[in-house]
There are 2 protein chains.
Amino acid sequence: MHGASMMAYRPSAQTIAPDMGFGGVRRGQESRTLAGQAVRCRDWIGLLATSGARRRRVTLTDVAAHASVSRATASLVLRESPLVAENTRQRVLASVEALGYVYNRGAASLRMRRTNTVGLVISGLANPFFADLTEGVEEELRPAGYVVLLANTFDDPVHQDTLIRSMMEHQIDGLLIVAAVDSESDFVAPLRDMGVPHMLATRRIRGVEGSYVGPDDDAGARLATQHLLDHGARQIAYFGGPEHGVARIDRVAGMAALLEENTLEPELTWTVPSRVSSSEGYALASKLLKRHPPPEAVICHSDAIAFGLMRALRDADVEIGSACRVIGYDDIEHAQAWSPSLTSVSVAARTMGRRAARMLVERIETRGAAPDESLVLRPSLVVRESCGCTVSPPG
Amino acid sequence: MHGASMMAYRPSAQTIAPDMGFGGVRRGQESRTLAGQAVRCRDWIGLLATSGARRRRVTLTDVAAHASVSRATASLVLRESPLVAENTRQRVLASVEALGYVYNRGAASLRMRRTNTVGLVISGLANPFFADLTEGVEEELRPAGYVVLLANTFDDPVHQDTLIRSMMEHQIDGLLIVAAVDSESDFVAPLRDMGVPHMLATRRIRGVEGSYVGPDDDAGARLATQHLLDHGARQIAYFGGPEHGVARIDRVAGMAALLEENTLEPELTWTVPSRVSSSEGYALASKLLKRHPPPEAVICHSDAIAFGLMRALRDADVEIGSACRVIGYDDIEHAQAWSPSLTSVSVAARTMGRRAARMLVERIETRGAAPDESLVLRPSLVVRESCGCTVSPPG
DNA sequence: GCCTCCCTTTAGATCGATCTAAATCGTCTG
DNA sequence: CAGACGATTTAGATCGATCTAAAGGGAGGC
C-alpha cells in the first residue's frame, strides 16, 4: 500500500516498553515492612490502609469476598441486573461503599470488546469554530455514555495518520474526524479495513466516501452573495482560505454561480488563498490594498480573516459597510462585538458537533449495519453592520 | 463524607449494562454461512477475509502462530526488546504486516496497570484561552506517549465531580484539571485517596493543596496598572470576571496594592463581576456608561470583555486610548486585529498547558514520589494601541 | 563426553472484569 | 414424594496482552 501502512502494524510511536527496561533490575512486587520482613504486595492492604502511596487496588473480587457472594453476582449488582435479590444487592453495594471500590472500565472493556470511548481527531482546537464543535461533540457523547479521546492534528496529514492509528490501538468504539485540509483520499482506509465506525465532520475530503456531517458551503456563499447583491454591490470578491480546501472551492463556486445568474463576474483578483488567522488576513489585505482599490464587497473565508481585512481597510481609510462591504464566515462569538459588528454566515459549529456525534453513536450501536449517510446543514446569514445594514447593537 | 461520595463507588452514569439487556435474546457468536451451517466465530476468519463487517480481530496469538513463535516472543518483538534474535524479529514483523495486526492497548493496560492516558478536565473549551491551553497539553503529552481523555465541565462543580469519577474508572494515569470556578475545596479527594497523580492548572481553588501551574495574577495586574500609571492615568478600574474567582480577587488586590503604593485608590465602581463573554461585557459596560462617566483607564478581566467594553465605549463616543485607556487579559489571537488593537496581559496559555502537562508526566513517572510543586508563570504585557501607545500595526 | 554459560525462546500465571452453562434451593404440581 | 419450575447464585472460561521463571540449544572449557 502507501507510505502510512509501512509501519502501520507496529504499536505506534508512543512505545510500549515498560519503563524499567528489559534486563534491568527487576522491581518485583516485594517491599519491606517496618519489621524488615519481605512481604508480598497482596499483604499490604491491611497494613497500609490509609497511607497515601500506591496500595493495591480494590477489585470486584474483594468486594465479592467482603459481601460473601461470588464475583459474578457482584458484577451483576453493578450492572443493575434484575436477576439479583434485593437483599443481596444491598449487601454488595454496602461492600462497594465500605471498600471504596472503583469500577475498572479497562478490564470490562477487554471482555466486552467495547470501551465506551470515542476518538475525536481534529485539525486545530485553537480555531474557535472547532473548539465549539468539540464542545458540541462532548456534550452529546457524554450522556450517551461515551468519553472523548482527543487528538489535534494541526492540519498535518502525516501526523493525522499516526493519530488515527493511535486511536485504533486504544480501541475507540468510533472515530470522528475533522480532517486535515490536505488529507490523502484514502486516509480512512485503516478504519474501514478494521470495521471501526467513523465519520467526517465539517471538511469533506475528495475521494473519501462514508458518513459525513457538514455545512452546505454552496448555499452559504449564495446567501452572502445575494445579500451583497441586494445592497447593490456588483464587484464581489472571496477572500482567503486554504487553496485546495473543498470549503473554499465550493464557496467560490457558489458565489460565482449566483453572480453568473445575475450576469456578473466575481472579482477573481481577490480570491486569495491563505491560512485562516487574522494576522495573515491583515498582512494579505494590506498588500492587496496597495495595488488595487478594494472591491465593493468581500466575503471572507472566516471571521478571523474578516477581522484582519477590516483592520487593513480601516488603516487605508476605506469606509467599511459603504465603500467596502464585508461578510465573514463562521459567526464566532466576537463577531458581534467588533466595530462595525461583523455580518457573518453562521454554520452553528456546536450543533454540527452534536449531530455528528449523534450519528456516530448510532453507527456504533447498530454495529455498522447503518448505511452511510451525509447530513448537510444549511447555514444562515447573521446580519450586522459590516455589510452596510443598520441593526441594533449587540446584547 | 460529603454528597459526591454517596454514589461514589458505583460505576458512573454512563452505565455498563450491555446493550442486549439481561434475559434478552442471546446473541451468541454464531452465524450461518452460505452453506447454511452454523459455524463458530473463530472459523470466520478464513471465510470472510476481506468482507467489511466485524470479523474477528487479529490478536498477538494469531501473529505468533503465523510466525511460528510463542506469544511471549511476539510480544517481545513488538516492544523492541533486544532479547530476540534479528532473524525472529523480522519474521514476526512480517507476520504482523501480513495479518494486519493492530496492537491492543486496552489488554496491555490491564496487565501493565497503566493506560498511557491522561485526563483533562476543563471548565470550557469555547474560551480561546482554554482551547490554547488544551492544545499545549496535547502537544506535550503526545510525544511523551500519552493520549488525552477530554471532558468539559462547563464550569459546573457537580458535573465536574462526575467527570473526575468517570476518568478514574477509565484508569487514567494522571489527571489535569482546570477547575470550575466554584469547586468545593475537597473536590480532588477521590483522586488523592486513590493515589491518582493530578494537578490543577490556571485556576487555584481555595483549600486545595497539591501541584499547580498558573499565572501570577498579582504580577499581571501590577504590570497593567503600572503601564496605565505611566500613561498618567489616575482613575483605574477593574472590569468583569466571575465574582468569587481567585483570579479576579488576586488581580484586583494587585491593582489596589500598586495604586495604594502610589497613594491612589482603585475605581471600585467599575469592579464589576460578570461572566466572560464579549456580549455580557458589552451589556454591562453600556449600562455603566449610562450612569457614570468612564474612568480614565480600565483593566478588563479578559480580552473578550475588553472587546465588549470597547464596543460600548465607541457607541458612547468615548475615544479609546485617550479618554479611556483599555487593557485586556489573555492576549488571544484577535486582540491584535481589533481597532484599536488591544493591549493585553499575556499569560501564554499554550506554554502553561505544556508546563502543566510536563509536570504531570513527571509525577506519573515517578509514581507519586515527586513532592508537590507549584509553578507560577510571570505574565508579560503586550503593548498595542488601546492603552494609548502608538505602535506599528499588526502583522 | 560432560558441565557451564550465554543467548534465545516459551509455558503458564496474571491483570479485573463479563459471560456461559450449570448448580442450588425452595415451592408447587400431580 | 418425585419431578418440574422459577428465582438466584456461581464456578470457570474468556478477553488480549505482559511477566515470571524456567527450559532449550549451541559454543567453549576441562
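By convention in this document, chain letters (A, B, ...) are assigned in the order of the sequence lines, proteins followed by strands, and residues within each chain are numbered from 1. Note that the coordinates shown come from a computational prediction; the quantities given were computed from them, not determined experimentally.
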(message) Expressed as a whole number of angstroms, how long is the span from B/Tyr103:OH to D/dA17:C1'?
(response) 7 Å
(message) Within the 3.5 Å criterion, strictly below it, is a donor on B/Thr115 or B/Arg105 matched to an acceptor on the partner's side chain?
(response) no
(message) Assess whether a salt bridge exists between B/Asp62 and B/Arg57, defined as any Lys/Arg side-chain N lying under 4.0 Å from an Asp/Glu carboxylate O.
(response) no
(message) Without decimals, in angstroms, what is the distance between A/Leu78 CG and C/dA17 C1'?
(response) 10 Å
(request) Could you list the residues that satisfy side-chain hydrogen bond (donor to acceptor under 3.5 Å, both in side chains) with A/Ser183, not counting sequence neighbours? (result) A/Gln160
(request) Could you check how far CZ of B/Arg114 sits from C1' of D/dA17, rounded to whole Å? (result) 15 Å
(message) Nearest whole Å is fine: how far is D/dC15 P from B/Asn104 CG?
(response) 12 Å
(request) To the nearest Å, give me how far apart CG (B/Asn87) and P (D/dG25) are. (result) 16 Å
(message) I'd like to know if the side chain of A/Ser81 and the backbone of A/Val77 have a donor-acceptor N/O pair within less than 3.5 Å.
(response) no
(request) Using a cut-off of strictly less than 4.0 Å, decide whether A/Arg113 has a side-chain nitrogen or oxygen near OP1 or OP2 of D/dG16. (result) yes
(request) Please name all residues satisfying side-chain hydrogen bond (donor to acceptor under 3.5 Å, both in side chains) with B/Asn87, sequence neighbours left out, ordered by chain then number. (result) none
Atom pairs under 3.5 Å, N or O on each side, protein against nucleotides 6-10 of chain C: can you list them with distances?
{"unit_1": "C/dT9", "atom_1": "OP1", "unit_2": "B/Thr88", "atom_2": "OG1", "d": "2.4"}
{"unit_1": "C/dT9", "atom_1": "OP2", "unit_2": "B/Ala85", "atom_2": "N", "d": "3.1"}
{"unit_1": "C/dT10", "atom_1": "OP2", "unit_2": "B/Ser70", "atom_2": "N", "d": "2.8"}
{"unit_1": "C/dT10", "atom_1": "OP2", "unit_2": "B/Ser70", "atom_2": "OG", "d": "3.2"}
{"unit_1": "C/dT10", "atom_1": "OP2", "unit_2": "B/Thr73", "atom_2": "OG1", "d": "2.8"}

(message) Taking A/Ala64's backbone N and O only, do any of them form a donor-acceptor pair with A/Ser68's side chain (distance below 3.5 Å, no angle check)?
(response) no
(request) Calculate the interatomic distance between A/Arg89 atom CZ and D/dT8 atom C1'; express it in whole Å. (result) 15 Å
(message) From CD of B/Gln171 over to C1' of C/dG16, roughly how many Å is that when rounded to an integer?
(response) 9 Å
(request) State which of C/dG16, C/dA17, D/dA17 makes the closest approach to the side chain of B/Ala107. (result) D/dA17
(request) Round to the nearest Å and state the distance from A/Leu60 atom CG to D/dA11 atom P. (result) 14 Å
